[in-house]
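Data block below; observations after.
In what follows, every chain begins at residue 1, and chains take the letters A, B, ... in the order their sequences are listed. Only this structure's heavy atoms are used, side chains among them; waters, hydrogens and symmetry mates stay out.
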Protein chains: 2
Amino acid sequence: MGKQLTEMLKGTLEGIVLALLLGRPAYGYEITAWLRDQGFSDIAEGTIYALLVRIEQRGLVDVEKVPSEKGPPRKVYSLNAQGRAYLEEFWRNWSFLTERLEQLREGEQT
Amino acid sequence: MGKQLTEMLKGTLEGIVLALLLGRPAYGYEITAWLRDQGFSDIAEGTIYALLVRIEQRGLVDVEKVPSEKGPPRKVYSLNAQGRAYLEEFWRNWSFLTERLEQLREGEQT
DNA sequence: ACTAGTACATAGTAACGCTGAATAGCGGGG
DNA sequence: CCCCGCTATTCAGCGTTACTATGTACTAGT
């Protein structure tokens, strides 16, 4: 992964995962695979698990342990009320940033 | 500044400053003031100066020392060829990110 | 027994932005 | 004169994040 994109992901990756969890509950391994599908070519598994631990400790998600037929039990995460509020704040901040950058980008071709 | 936005700025603030410098050369104090104007209400001065040192050491900008009538001499930064290339890469990465997030945000109201 | 695929966890590292303080030059008011 | 306020830059120390690399554990197929 490019160093630039890695830095940009800081703070954003969390929002991406929370947004995904708003749509449907999911577990770490699944999320990693989905991200790779989306073009985040080599996001390390460790990154996702660490992130999930963080958002769990902050009380943004509920966790349920679900046995799997193909390996160790899955920890299925789902967004709770606090997580939804946090996600909304994320979108507000994201909008703020994109607006500023859009302006900058347009001003460019003057 | 919100913690969320602080994290989102990582990697992005650098692009913002480079994009600004593409438009016109500027010095640290000026850049800080401009950012505050743009709504980045309390970006620390120290942050900008550290960032400027970084991009200078990476050879993305040229520096010229210009005496000031109102204080110590200014270090005026201007984007060079390498910096312009780096900025283009930044915009590519930024586009990638915004596209992914736009998709996620739309999928939300389903 | 060995391998591969599934699934989670963690210690150590690097990079970035923030906090808080220090330094330095110049102007004007008490 | 001296201190205050504005301009302008610098630096040490901190917290957070994503990456690297490795380890654990369960199941199925050979």
Nucleic acid contacts - residues 66-78 of chain A versus DNA chain C, non-hydrogen atoms under 4.0 Å: A:Ser68, A:Lys70, A:Gly71, A:Pro72, A:Pro73, A:Arg74, A:Lys75
Does anything in residues 24-39 of chain A come within less than 4.0 Å of DNA chain C? Heavy atoms only, and list the residues if so. A:Tyr27, A:Gly28, A:Tyr29
Do A:Arg100 and B:Thr12 have side-chain N/O donor and acceptor atoms under 3.5 Å apart? no
Show me the donor-acceptor pairs, under 3.5 Å and distance only, between side chains in residues 77-87 of chain A and residues at least two apart or in other chains.
residue : atom : partner : partner atom : Å
A:Asn80 : OD1  : A:Gln82 : N            : 3.1
A:Asn80 : OD1  : A:Gly83 : N            : 2.8
A:Asn80 : ND2  : A:Gly59 : O            : 3.0
A:Asn80 : ND2  : A:Asp62 : OD1          : 3.4
A:Arg84 : NH1  : A:Leu79 : O            : 3.3
A:Tyr86 : OH   : A:Glu14 : OE2          : 2.9

Evaluate the side-chain proximity of [Y] to [X]: yes if any heavy-atom separation is below 4.5 Å, no if none is.
| X | Y | answer |
| --- | --- | --- |
| B:Met8 | A:Phe90 | yes |
| B:Leu9 | B:Ile43 | yes |
| A:Thr47 | A:Thr32 | no |

Applying side chain to side chain donor-acceptor pair (under 3.5 Å), can you list everything that pairs with A:Tyr27, at least two apart in sequence or on another chain? A:Arg74
Listed once per pair and sorted, the salt bridge (Lys or Arg N to Asp or Glu O under 4.0 Å) pairs that draw on residues 1-12 of chain B, sequence neighbours left out: B:Glu7-B:Lys10
Check side-chain contact (heavy atoms from CB on, under 4.5 Å) between B:Ile31 and all other residues, then give those that pass, not counting sequence neighbours. B:Val17, B:Leu20, B:Leu21, B:Ala26, B:Leu35, B:Ile48, B:Leu52
Contact list for residues 4-25 of chain B, test ring-ring contact (aromatic ring centres under 6.0 Å, His included), sequence neighbours left out: none
Strictly by ring-ring contact (aromatic ring centres under 6.0 Å, His included), give each pair with a member in residues 52-76 of chain A just once, sequence neighbours left out. none
Segment of DNA chain C, first to last nucleotide, that comes within the 4.0 Å heavy-atom reach of chain A: C:dG5 to C:dC16
ring-ring contact (aromatic ring centres under 6.0 Å, His included) involving B:Phe40 - partner list, sequence neighbours excluded: A:Phe96
What is the per-nucleotide protein-contact pattern of nucleotides 13-23 of chain D, from the 5' end, where B denotes a base atom under 4.0 Å from a protein heavy atom, S denotes such proximity for sugar-phosphate atoms only, and - denotes neither? --BBBSBBB--
Check salt bridge (Lys or Arg N to Asp or Glu O under 4.0 Å) between B:Glu56 and all other residues, then give those that pass, not counting sequence neighbours. B:Lys75
